[in-house]
Number of protein chains: 2
Amino acid sequence: MPATLRDVADRANVSVRTVSNVVSGYEHVSEKMRSRVLAAIAELDYRPNPVARTLRTGRTGMLGLIVPEIDVPYFSELARDVINAAAEVGYRVMIDQTGHDHERERQLLTGEDRTMLFDGILFSPLVTRDELREMNAATSMPLVLLGEHEFDGHYDHVAIDNVRAARDATAHLLSRGRTRIAAIGAQPDESYATPQQRTAGYEMALSEAGIEPDPALLHPAAHYSRADGYAAARDLLAASIPPDAIFCYSDLLAMGAMRAVFDSGLRVPEDVAIIGIDDIEEGRYSRPTLSTVSLDTPFIAREAVARVAARIEDPDAPAEEIVAPHTLLARESTLGSGS
Amino acid sequence: MPATLRDVADRANVSVRTVSNVVSGYEHVSEKMRSRVLAAIAELDYRPNPVARTLRTGRTGMLGLIVPEIDVPYFSELARDVINAAAEVGYRVMIDQTGHDHERERQLLTGEDRTMLFDGILFSPLVTRDELREMNAATSMPLVLLGEHEFDGHYDHVAIDNVRAARDATAHLLSRGRTRIAAIGAQPDESYATPQQRTAGYEMALSEAGIEPDPALLHPAAHYSRADGYAAARDLLAASIPPDAIFCYSDLLAMGAMRAVFDSGLRVPEDVAIIGIDDIEEGRYSRPTLSTVSLDTPFIAREAVARVAARIEDPDAPAEEIVAPHTLLARESTLGSGS
DNA sequence: TTGTATGCGTTATCAG
DNA sequence: CTGATAACGCATACAA
């Protein structure tokens, strides 16, 4: 049986109030009392019960991090940084996977999942803007959106400028002399903000270079996985006039696409240059190394945690929008000399 | 203000006892009562408070998954499966990263970390056997070890047969005609079970082939990361008589080692064949694709969750040892035809 | 089968 | 500065 506050109080001959004060680091406690209590705590190996504390205070000290799949490198690298950033401000993180299941996302966000015990949520959404708006009414949980860059004043957002990131990536391919540039990652459903913004940036860069975007070069991808990138690239390469470069909306898509290029008997970047977005570590060791748009994940994690923590303190604070920096990293998959 | 059990009771004109019975799915409740209560629950949008329930029952419904780093692909893929397996039996999972910090591991295991609120722990240890034994005394938390295969009757274990897995991998390299086979991943500290067992399997395979193990070919690696694999392989390749094959104790080490081979102007597998252990998805798309020993992660996750759930039910049950199956997957990095 | 009352371990209110 | 005591929301022993 673990010792309780009451046990410590009895042992030290003080009231539970005083013990609680000492444990919680209350200012006004006499030195005598404090040391007496501290001794009792040590002797009994007392530890506060976080559950009882939560019941009383209404705070769990936990943040929920909701992602589609934790084994997607971008999300696991983000999770690492979020967990660390949260620990620094006294929060722990519970990861929930939605598995691309909209219904599951809804349950999580509306609190219909009865086991919700977070003080706040960091949510990397797959849902559409409309769905998000509906959920808004159902819950009052402090919520920060990650990577959903469509600021509507309802939620705090932390994301890169997707349009510019995509434009930068595409412009880089253009600067390497490529003209027939394909894109992988567009979503058939137009209400997803992120892919749409990336498509916009891609088309913007082409237009700026005086190139008319070719719809046949805009390839959808449902899951941003290696498999989807592979399948999409095979499709593109089988066309009568294949692309000489591919801009992938995620590094994972790019890893699959690179493999597809090789399996088609072509070379990267000589025949097809490839660039992604995310800067996962895998791309720094692949052959060739992957050019990409690097997101400052530690920055995103830190800001997101700070935002949600602030909102927990003041639920009525106006929603803020944080734009995270991004950097283009040119590696072998667009520069050559790799393979 | 969320509705409580009492609110529902008042609304339905019944006692809290009855409401609690309905919510908990108690058998003997009359249909009249049940429907009356259910209606009130719906009207008030009542949801049980999990924290209060926990304080009362002593159960949190949470499992802790303790890993060195969640962004290591093997662990993130394992985490995905553990979260899913746990959900199927009604548990949620909180991930804790130790970051290769022994002190942090100790805190987590001994419950010195005062925020411990798990019913049980799945622990992928970095600690040595001695440390683990010491911790045993300090906590009574149900604990299942993952990947630590040194059964001593204290804890439940779920792991592959490391000796055989390593022997199989090495034997595969031998069967491909390689004779100067290096290994990356040994630990300087002899008290870590897993690397030691893999080294034993490696040496066993060599001996069976009549080859005397060469200590110069046994290269340590602290973190099983791409960077460590890279550095180790560079070392090995710089030797006067470089190896013609490398057995890496993890796929991630192998990814780094492959890159090092290329950066040294050599080819995989023509000049140096490479095999890993884990079967992470990355190795199915790399160039060349990576030969490896595949661990049945879903099996490991399912068994581990089942074990810890059983131990939560009966803390005094004898410790069990589960040996997970492994399969050798020969891919391009040992067979050729890849690059 | 259902109602009443107690306690899980804390924090916080109110006196002293 | 410290002591006694009432909640927090739920589950259950005991009664009816």
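So that the names make sense, note that chain A is the first sequence line, chain B the second, and so on, each numbered from 1. Computed from a predicted structure; not experimentally measured. The basis for the numbers below is simple: all heavy atoms, side chains too, and nothing from hydrogens, waters or symmetry mates.
Between the base of C:dT11 and the side chain of A:Arg59 there is no donor-acceptor pair shorter than 3.5 Å. Interface remark: the A:Arg56 side chain does form a donor-acceptor pair with the C:dT11 base, using a distance-only criterion of under 3.5 Å.
Distances from the side chain of A:Tyr46 to the nucleotides C:dT4, D:dC1, C:dT10 place C:dT10 closest. Closest contact between the side chain of B:Ser30 and the listed nucleotides C:dA5, D:dT2, C:dT1 involves C:dT1. Here the nucleotide nearest the side chain of A:Arg17, chosen from C:dG9, C:dT4, C:dT13, is C:dT13. Closest to the A:Ala52 side chain, of the nucleotides D:dG9, C:dT10, D:dG3, is C:dT10. With D:dG9, C:dT4, C:dT10 as the choices, the nucleotide that has an atom nearest any side-chain atom of A:Pro48 turns out to be C:dT10.
Rounded to whole Å, atom C1' of D:dG3 lies 17 Å from atom NE2 of A:His28. Look at CZ on B:Arg47: it is 20 Å from P on D:dC8, rounded to the nearest Å. At whole-Å resolution of the value, CG in B:Asn49 and P in C:dC8 are 18 Å apart. A straight line from CG of B:Leu5 to C1' of C:dG3 spans 13 Å, rounded to a whole angstrom. Going from atom CG of A:Asp7 over to atom P of C:dG9 covers 8 Å, rounded to whole Å. Counting to the nearest Å, the P atom of C:dT2 and the CD atom of B:Glu31 are 10 Å from each other. Spacing between atom CZ of A:Arg36 and atom P of D:dC1 amounts to 15 Å, rounded to whole angstrom units. Spacing between atom CG of A:Leu55 and atom P of C:dG9 amounts to 12 Å, rounded to whole angstrom units.
In this model, the phosphate group of C:dG9 is not approached by any side-chain N or O of A:Thr4 to a distance below 4.0 Å at OP1 or OP2. OP1 and OP2 of D:dC1 both lie 4.0 Å or more from every side-chain N or O belonging to A:Thr18. Listed pair A:Ser20 / C:dT11 meets the phosphate criterion, a side-chain N or O lying under 4.0 Å from OP1 or OP2. Distances shown here put every side-chain N or O of B:Thr57 at or beyond 4.0 Å from the OP1 or OP2 atom of C:dC8. OP1 and OP2 of D:dC10 both lie 4.0 Å or more from every side-chain N or O belonging to B:Thr54.
Contact annotation for B:Val51: no contact, since no heavy-atom pair falls under 4.0 Å across all strands.
Relative orientation of the B:His102 and B:Tyr192 rings is perpendicular, given thresholds of 30° and 60° on the angle between their planes.
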- Let me see the working for A:Arg80 and A:Asn84 under side-chain hydrogen bond (donor to acceptor under 3.5 Å, both in side chains), right down to the final yes or no. CA-CA 6 Å; A:Arg80 176 202 54 200; A:Asn84 291 336; over 6 Å; no
